[in-house]
Every structure is written in structure tokens, then in C-alpha cells.
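All values derive from a computational prediction rather than experimental measurement. Residue numbers start from 1 in every chain, and the chains themselves are labelled A, B, ... in the order their sequence lines are given, proteins ahead of strands.
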Protein chains: 2
Amino acid sequence: MPASSSKINMADVARRAGVSMATASRALANHPHVAAATRARVLAAAEALSYVVSPEASRLAGGATDRVGVVVPHISRWFFAAMLDGLESVLRDADLDVLLYHVGDATDRHNFFRRLPARRKVDALVVLGMPVDDPERERLELMGVHIVAAGGQIERYPCVSIDDLAAGRQAVDHLVFLGHRRIGMIATLDPAQPDWPATPGRGRAYHAALTDAGIPIDPALTVTVPWGGVNGADAMSRLLSLREPPTAVYAHSDEVAFGAVRTLRRAGLRIPEDISVVGIDDHPLAELADLTTVAQPVRRQGELAGRMVLSLLSGEATGDGITVPTRLVIRGSTAPPSRG
Amino acid sequence: MPASSSKINMADVARRAGVSMATASRALANHPHVAAATRARVLAAAEALSYVVSPEASRLAGGATDRVGVVVPHISRWFFAAMLDGLESVLRDADLDVLLYHVGDATDRHNFFRRLPARRKVDALVVLGMPVDDPERERLELMGVHIVAAGGQIERYPCVSIDDLAAGRQAVDHLVFLGHRRIGMIATLDPAQPDWPATPGRGRAYHAALTDAGIPIDPALTVTVPWGGVNGADAMSRLLSLREPPTAVYAHSDEVAFGAVRTLRRAGLRIPEDISVVGIDDHPLAELADLTTVAQPVRRQGELAGRMVLSLLSGEATGDGITVPTRLVIRGSTAPPSRG
DNA sequence: CTCCGCTTTGGAAGCGTTTCCGGAGGTCCA
DNA sequence: TGGACCTCCGGAAACGCTTCCAAAGCGGAG
């Protein structure tokens, strides 16, 4: 039992390599101005002793934490989980640890931003699908914490996301193209941030598409509900109870569309013969449900956000943001309306 | 601009409170043998200076990291994400930070366990739905890292999970009770750990239930596929191509069942009139899909795992594990067979 | 041949806590 | 009244690293 295994430190490595601690530190940290041979000797010694630098000591002495925080409003939603997946893979490959923070409502968020930077726990922060206001941002930058946004429509920060307006247009234009003129919309809002419409672009797209097609906008055809499948089902019920129900429905997200489909099926309506349904996201189950949708590369967005963090940490300037493309995926839930 | 705000340390607090650093440290850490008045004075000083102890320094000097790691085989699957959600909420309430590690195949896992404990990055580790072998466990315990398992069938470690055998029986017994005698099973395996059947209990349940009901077991009625919706669809196709297809299907998880449903619908079969389908998990979309399933409290399991970590960290002994109950949820995807 | 400047290395001063050790004062009982 | 013991507190030594400052070695320009 190598009882020493837990006590070896950089001094041991330095001794074994026949150099000073200063040199050992430089070699291990890949600093310049270390002779190749020396560096190799140090690395070999470290390997032999299976030595790893103590993150705490390193950080205390001025190094980086090698940790990045991720702030998520809803951990268990597919969208965020998939994003997190991509993000984590990139960060892990770069030997960075991922600290996960769930931040629900505005109060949570406020507390979070107040406490986190206190003693730098992370080198960078990735904020998924929620806003960051100026004071918060300033505070973080002051403490040397970089910040990247993803999956939201945050304009003022380095950010990777889709173009919600374009995505929405792909969905609604598809319905218009099929000949629908009475098109319902199920918009969603985040229950945790009720005052902040989750995806305003998707709503604007609806109006723009109808206007462009010369279709008058009937406010009764828009229903806004908190995100979620059952709420989507409720929304659809409301739409069905209209004197003149829509012949097609545009849901802001696939999960909501699934709910709508349930309602329609229970009402005995056939999809797409009696009514068309289109969603956004391309949730993995959308394929199984045969749902027409607008696909967005979710995991990829997480990866890109990770890359962004990496370049930020390495001092490179990043562009102001990346917009990833979306793509209409036509499946069996949409068809021309049966009657004019 | 309080330029000093980022430089205040415990010495400042101690000075302001008129005590030594030793006392300040004890007061802040809630140690005994500190006069109440003194403690109050220190706390007030800390508050006034909005001081927070440096985790790095604290750890370096012998404290805890106040971090716990979570190891997950698949971040974006609902099951793991939901578990993570519950876990994070408990841990965050206890002021512990959550480090997220995605570990895919066996190689990943090996590397992970080799590297992690090197320099204690965490006080405890929660392993979600994957095995931990004895050497790994020993190593961790040696380094003072506690370990808790969840969502798996790991018997030898403090662990929270459902009883897979019981859950499977609830599903299959239900089909038997309805009068089905020709029951198919879609079993899954984890693509990342092909040699380690994901949920052996669910398979055993099938055999036990049929045997108890005096139904002979036809190996052709069992199809094993990698986890996932599309694979579930494939499996169902294979089952349908049998000379004598089943009148009911038991899928090891809801996502897989969704795939099966798709295949059945495409084949023009009605559910439940022509064929019954039952899953396990009670995925949020199962309700929308009207799928009969066996519900398990996923988020709750995460919370319980979190509590377990908490008591482990506070030195309390935990029982060897917690088994949470499952519950059959009968929806519209199951019914008696149409013909004997 | 000397001086300048560059690369490479070592010494040592922190970084901000925790905790061991010891001392001061007070209480309680014989 | 004199220990024995306990509570409360301060001094100072770690903890393991990074980096500033200097110094040593060496090549080439003048």
C-alpha cells in the first residue's frame, strides 16, 4: 500500500526531476522558456509518481480554476439537457470541469449572480436560455469571469442560438404554402419567468408570415400557455372550441405540439386530414410521433458554446455570436386543408 | 467603486471584529468553543464586509471542497436529466456545488475513476445508473470520497433505486391479468456498456410473470435492442414479422414503447384493440401518448440520493439503500386481447 | 575582447485558510 | 484555598502551488 501516494506534491516531482519547484511548475503548466529536455524530465517524473497538481493550491497561488459554470433554467427538459450534453463534451475534452447550477425564477437568478462571483469558483459561465442583465454582466466581467449565452435570444452577449424568427417562418410558411389560411398558434411562456416571453421571435414569425401572405390576423387564434405538454393540450382544446377552429396549428415547441396532438386525437380529429400540426425543435420523439417540425441542432449549439468558452479563456476574441441554421422537416402531421 | 471589495479576506474580518484570525475562522465555520457574543461580532463583521471564505484556501488548509461530483452515462435522456434535477436541488439547498461528468463507455469510466480522485476535487460522488467495481470503490474511499449510487441495480453500495423486478411484474402481470398469453418483450441494453444489461430485473420479471401464469416462454417473443425510440420501432417490426405475432408488448422503457407504437400505427394496427403496449418509467410524454406504464419517481430518486450524500458527509451512517415504490398507471394502450 | 540581450533556471515571497498548541481566566469541589 | 478542569482565545505553522526577481550561461555584434 503506497501510503505516500496521497502525499506527493510538486516538490517531490521537482526533486525527482532534479530541478527546482519553479521550473517544475513552469514545465507542468506548459510555460515557455523551459528547455525541452527539462520539460520532458519533469513530465516523466510526474507521470512516474502519477502526480497531479492540486487545483486548490494552484488556484490559490493565482492560477485558473479550470472550472466553468453552467446555468440552466430547467435541467430535465430535453432541450437544455441536450445542450448541456454537447457543452460538457467539449469542456471535458479541454480538461475543464463543469459546475451545474439550476436557476429557476428571477429571485433564484438574482441570488445566484450575487453569490457566485464572490470567490471565483469558475473561470467562465455559460448561461442557457435566460437573460443576463447589464449589472450582472458587469459584475462578472469585473471578477474576471467570462460569460457566454446559448439557446436564448440574448443579443448583447457572445451567444449561440438559432434565429427564432426564421425558424418560426419556416413552420408557418409551410402551412401557408400548403394552403392553410386559418392557422392557430400555441405560444409558450416560461413559468419561471412569466414576464419574459420565452421565444418572442417565434411569435413575430407568425404575424409576419400571415401578413406576408395577406391573411388577416385573428387574435383568437393565438393561445399562450406555460410551456409543457399538458398545457399544449389545453391550448388546443381552447382552439377547438372556437366558433371557427383553425385548419392548422403552429406550436412553439414540439412538446407542446404533442399535447395538441393528444387533444385532437381525443376529439376524434384525424391528423393531417382534418387538421395539420407543426412544431419546432425536432425533439427525438417527434420522429416517432410523425410530427412535422423545424429542426434545430441542439447538441451542436452546446458544443459551439463550449468552443466559445475555450477561445474566451485562451484570450482570443470571439465574434459577437453564432446563429445556427434550422431546417424544416416535413413529416406526416401536415397536409393541405381538406376544404377551402 | 470599492476597489477593496475583491481583496477582503479573513484577516480583515478578524480585525474589524477585534479578534484573531483563529477565532474568526472558528466563528465562521460554526465551531464550538466560541462565545456567542464573539461569534455574533464576527458574523456581523463578515456580513458588513460582504465577505465569503475562499473555497480554495479553505480546502487547501484542510477543509472540505463543498463539491460533489455526479457521473452520468447519458446526460440528455429524460431519466438521467430528471434524476439530476432532483439531485441538484437538494445539493444546492445544502450549499454544495455540483460537478457534472459524462462518462460513456467502459474506457471513459476507467479513465474517470483513475483521474478524479487524484487531487480531491469533490467530497462525494453520485453515480447514476452505472456499475462501480470494487477497486474503484476502494480507491475512492481511500481518498475520503464518499460514494452513492442511484438509478441502477448496484447492490453493494449505498444506493437508491426502484425494484426492477417488481416494476416489471407490475407491467407484465397487468397484461396477463387482461388475458394476454402471447406477450412480446422489447428488452434494451446500453450501447455504451453492451456487456452489462441495463436492467436485468425487468427481463427476469417477464419470465417470472409468465411462468407464474403457466404461460410457456417463447424465446422468439423477446427482442433485445440498444436503448432508444427508433430501435424500439425496429424491435416491434421484428415482433410483427413473427408467424404468430404477440397480442401485447412489454417494453423496458417508455421511449422504446413509443417506437413500438409508431411501428404499430404504420402497420395499421389499432392500440389497444389489436395489440396492447405497456412501458416503464412514466415519461412525461407517456401521458400524452396515452401509454399504460409503470411509474417510478425519478426526480425523487435524485433527491433521495442527494439526501444520502448529505448524511454521508455529515458523518451519519446511511442504510444500505433505499428502494422507492413503483406504480402501475393504466391508460389507453392496454386492453384485453380481441380474440383468445 | 567586451558588452548586450536572450534563454533557462533557482530562491523565495506570497495566496487565504485551518488547526495544533498553549495560555488566560473562571467554576467547582474537596 | 488550592488544584483540576473547562471555555475561550491568540500565535504561528502548515497546505501546495505560481510568479516575481535575479542570476547564470551563452551567442553575436561592435
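Note: CE (A:Met21) to P (C:dG14) measures 16 Å, nearest angstrom. Rounded to an integer number of Å, the gap from A:Leu28 CG to D:dT19 P is 13 Å. Per the geometry, CZ belonging to A:Arg59 stands 9 Å off P belonging to C:dG16, to the nearest Å. In this structure, CG of A:Asn30 is placed 15 Å from C1' of D:dT18, rounded to the nearest angstrom. One atom, OH of A:Tyr51, and another, P of D:dG16, lie 9 Å apart when rounded to the nearest Å. Between A:Arg15 atom CZ and D:dG16 atom P the separation is 13 Å, expressed in whole Å. The distance from atom CE of B:Met10 to atom P of D:dA12 is 18 Å, rounded to the nearest whole Å.
With distances taken from any side-chain atom of B:Leu60 to the nucleotides D:dG16, D:dC17, C:dT18, the minimum falls on D:dG16. If you check D:dT19, C:dT17, D:dG11 against the side chain of B:Ala22, the one that comes closest is D:dG11.
Residues that satisfy the ring pair (Phe, Tyr, Trp, His ring centres under 6.0 Å) test with A:Trp227, not counting sequence neighbours, are absent from this structure. The salt bridge (charged side-chain N to carboxylate O under 4.0 Å, His left out) check on A:Asp85 picks up A:Arg299, with sequence neighbours excluded.
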I'd like to compare against my own output: the B/S/- annotation of nucleotides 4-9 of chain C with a strict under-4.0 Å heavy-atom distance to protein.
---SBB
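Between A:Arg137 and A:Asp134 no salt bridge is recorded (no basic side-chain N to carboxylate O distance below 4.0 Å).
Of the residues near DNA chain C, B:Ala24 and A:Ala57, the one whose nearest nucleotide (by heavy atom distance) lies more toward the 5' end is A:Ala57.
Looking at B:Asp123 and B:Val68, their side chains never come closer than 4.5 Å, going by heavy atoms from C-beta outward.
Minimum heavy-atom separation, B:Asp190 to B:Pro73: OD2-CB, 4.5 Å.
OP1 or OP2 of D:dT19 has at least one side-chain nitrogen or oxygen of A:His31 nearer than 4.0 Å. The phosphate of C:dT18 has OP1 or OP2 within less than 4.0 Å of a side-chain N or O from B:Ser25.
Rounding to the nearest 0.5 Å places CZ of A:Arg307 at 8.5 Å from CG of A:Asp93.
Judged by distance alone, with hydrogens and angles left aside, the side-chain atoms of B:Arg92 form no donor-acceptor pair with the main-chain N or O of A:Tyr101 at under 3.5 Å.
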